[in-house]
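Presented below is the structure to which this report refers.
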Amino acid sequence: MNSGANPVLALAWTFGLMSLFAVGGANSAIPEMHRVAVDVQHWLTDRQFADVFAISQLSPGPNVLIVTLIGYSVAGVTGALVATLAMCVPTAVLAYLVSHLLSRSSHSRWPAIIQAALVPLSIGLMGASGLILALTSDRSWAAALVTAAAAGLAFATRLNPLWLLLAGGVLGFAGVIG
Amino acid sequence: MPPESPPGALAAPEAPILSPPGLIALFVAFAKMSLAGFGGVLVFARRGIVDHHRWMTAEEFNETFALCHFLPGPNIVNLSVVFGSRFRGIPGGVAAFAGLVGPPVVIVTILAALYARFGEIEALRRTLAGVSCAAVGLLISVVLRMMMPLIGKRDVVGLILMAAVFIAIGLLRLPLPAVLLAAIPLSIGVTFAMRRRAVA
């Protein structure tokens, strides 16, 4: 955890640990990423964090790649690779082990209970992600309105999310969001 | 469909499974799904694995995904490893993982380098700010969709747990491991007790 010593080690430790606590996926861990990267380690400013989130959502591939961007901004290509592997490998190993364990004793009812117990927690985490990202991204009434409109449209329709992201980008480019 | 069947047994009469994929096929298939997946790879993974390649039935896919969803970490990464290793052992898991993560990491790293160089340009900054606002809206819509079943079932305990985690992480900004080390045992205990009472 000693941040000053070696940023690559700090990345490995931060995301390796986070990997095992990201209940519900990468988006659940966004508050923790923000807490560590912005508040504790000062790797990124608030605005850079919002930008990095935007880039990760615009890119193809799994959402987890936001850690690649955070890693790059800390320690270049090495940082990008270390952060990505640290976030993926511990949980991937765990998934491999558990899937083998479960296939041997698949009649246990514990998996279902644990799964049901984790659902509300992961929704709470993702809600916190939404709040923290809204606080970092929406610095004007117009911005908050765009967020609310995107949320409403995505909730009520089956519109491809990419269109909403592009529309947000066009509004931003046009200077509507300020 | 017992999960312990060896790959060969998956070609049982009722399962529309074609021959099990090789390492290169795993890598290529996951790379394609990943590169098609803007805003989440799951939809494309289901399409590729179940509809296109017929490596799993829809039911097997759902079971595998449920397992990967209850484990921590990026779900789709877990899915790639579990899926690949089911067919080709550890090398299969590594091949699927490398396909899923490798190509987009190259793209994102290039974008990161561009951002580090041009991120201060005013027009780009404005555009990214707009994208970010919309992306937050998308995330909020996912949260709302996930909440609907809890509200529909009047799952008061679930809603309280959800609110408690939201407050601890979102408002109080407590560290994630500490919050979950308290919340997970509590939630499992409560869920277990309620199911027991429902049975009794």
Side-chain angles (χ1 to χ4, degrees), chain A residues 19-23 25-26 31-32 35 50-51 54-55 57 59-62 64-65 68-69 72 80 84 88 91-92 95-96 99 103 106 113-118 120-121 123-128 130-131 133-134 137 143 146-147 150-151 154-155 161-162 164-165 168-169 171-173 177, chain B residues 3-4 34-35 37-39 41 67-68 70-78 81-82 85 93 97 101 104-105 107-109 111-112 115 123 126-141 143-144 146-147 158 161-162 165-166 169-170 173 176-177 180 183 187-188 191-192:
Chain A
S19 164
L20 296 173
F21 284 95
V23 171
E32 183 71 358
R35 193 184 68 84
D51 286 352
I55 296 171
Q57 296 297 303
S59 316
V64 65
L65 297 185
T68 313
L69 289 154
Y72 186 91
T84 310
C88 294
T91 169
Y96 172 78
S99 79
S103 60
S106 58
I113 289 179
I114 296 173
Q115 202 180 330
L118 292 184
L121 307 185
I123 301 173
L125 288 178
M126 288 189 46
L131 174 71
L133 286 166
S137 307
V146 171
T147 296
F155 181 71
L162 201 55
L164 293 171
L165 295 181
L171 287 175
F173 182 76
I177 286 164
Chain B
E4 68 265 26
S34 185
L35 292 175
F38 287 93
V41 178
L67 167 75
C68 296
F70 104 76
L71 291 169
N75 304 319
I76 199 77
V77 171
N78 293 343
V81 172
V82 170
S85 66
F97 170 76
V101 172
V105 159
I107 293 174
V108 167
T109 305
L111 291 178
Y115 175 72
R126 282 204 313 267
T127 309
L128 278 181
V131 172
S132 185
C133 291
V136 176
L138 291 178
L139 182 68
I140 292 172
S141 78
V143 176
L144 293 177
M146 289 174 72
M147 275 172 67
L161 283 165
M162 181 192 81
V165 170
F166 175 79
I169 297 284
R173 301 285 179 101
L176 181 67
L180 287 182
S187 183
I188 290 176
T191 308
F192 181 68

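Only heavy atoms go into these numbers, but all of them, side chains included; no hydrogens, no water, no symmetry mates. Numbers restart at 1 for each chain; the letters A, B, ... are given by sequence-line order, proteins then strands.
- The local environment of CZ in A:Phe173 is sparse, with at most 12 non-hydrogen atoms from other residues, nucleotides or ligands closer than 6.0 Å.
- When the candidates B:Ile140, B:Val82, B:Val101 are compared by the number of heavy-atom contacts under 4.5 Å with chain A, B:Val82 comes out ahead.
- Looking at B:Leu144, the atoms closer than 4.5 Å to chain A (heavy atoms on both sides) sit in the backbone and in the side chain alike.
- You'll find the side chain of B:Pro74 reaches within 4.5 Å of the side chain of A:Thr91, heavy atoms only.
- Between chain A and the residues B:Thr127, B:Thr191, B:Val143, the most heavy-atom pairs under 4.5 angstrom are made by B:Thr127.
- Using a 4.5 Å cut-off between heavy atoms, B:Val108 touches chain A through backbone and side chain atoms alike.
- Looking at B:Ile107, the atoms closer than 4.5 Å to chain A (heavy atoms on both sides) all sit in the side chain, from C-beta outward.
- Of the listed residues (A:Leu171, A:Leu121, A:Leu118, A:Val23), the one with the most heavy-atom contacts under 4.5 Å to chain B is A:Leu121.
- In this structure, the separation between CD1 on A:Ile55 and OG on B:Ser132 is 10.0 Å, given to the nearest 0.5 Å.
- Counting heavy-atom pairs closer than 4.5 Å to chain B, the top-ranked of the candidates A:Ala80, A:Gly130, A:Gly127, A:Ala116 is A:Gly127.
- Ranked by heavy-atom pairs shorter than 4.5 Å toward chain A, the options B:Val81, B:Leu161, B:Asn78 are led by B:Asn78.
- Listed here is the closest heavy atom pair of B:Leu71 and A:Ala95: CD1-CA, 3.4 Å.
- B:Leu138 and A:Ala154 get closest at one heavy-atom pair: CD2-CB, 3.6 Å.
- Residue with the most contacts toward chain B among A:Pro31, A:Cys88, A:Ala134: A:Cys88 (heavy-atom pairs, distance under 4.5 Å).
- Within the 3.5 Å criterion, the main-chain N or O of B:Leu176 finds a donor-acceptor partner in the side chain of A:Glu32.
- The closest donor-acceptor contact from the side chain of A:Thr147 to the backbone of B:Cys133 lies under 3.5 Å.
- Top candidate by heavy-atom pairs under 4.5 Å with chain B, chosen from A:Ala92, A:Ala117, A:Ala26, A:Ser137, is A:Ala117.
- Residues A:Phe155 and B:Ser141 share a closest heavy-atom pair of N-CB, 3.7 Å.
- In terms of heavy-atom pairs under 4.5 Å with chain A, the best-connected choice from B:Met162, B:Met146, B:Met147 is B:Met162.
- For the pair A:Ala54 and B:Leu128, the tightest heavy-atom approach, listed with the atom from each and the gap, is CB-O, 3.6 Å.
- Your options are B:Pro177, B:Gly93, B:Gly170, and the one with the most heavy-atom pairs under 4.5 Å with chain A is B:Pro177.
- Per-residue counts of heavy-atom pairs under 4.5 Å with chain A were compared for B:Leu111, B:Ile76, B:Ile169; the largest is that of B:Ile169.
- If you tally non-hydrogen atom pairs under 4.5 Å between each of A:Thr68, A:Leu133, A:Ile113 and chain B, the highest count goes to A:Ile113.
- Only the side chain of A:Leu162 comes within contact range of chain B, with at least one heavy atom under 4.5 Å from a heavy atom of that chain.
- Rounded to the nearest 0.5 angstrom, B:Ile188 CD1 and A:Ile114 CD1 are separated by 5.0 Å.
- Counting all heavy atoms, side chain and backbone alike, A:Ile177 lies closest to B:Gly130 at CD1-CA, 3.4 Å.
- Heavy-atom minimum distance, B:Pro104 versus A:Pro60: CB-O, 3.6 Å.
- Scored by the side chain to side chain donor-acceptor pair (under 3.5 Å) test, B:Ser85 finds no partners at all (sequence neighbours excluded).
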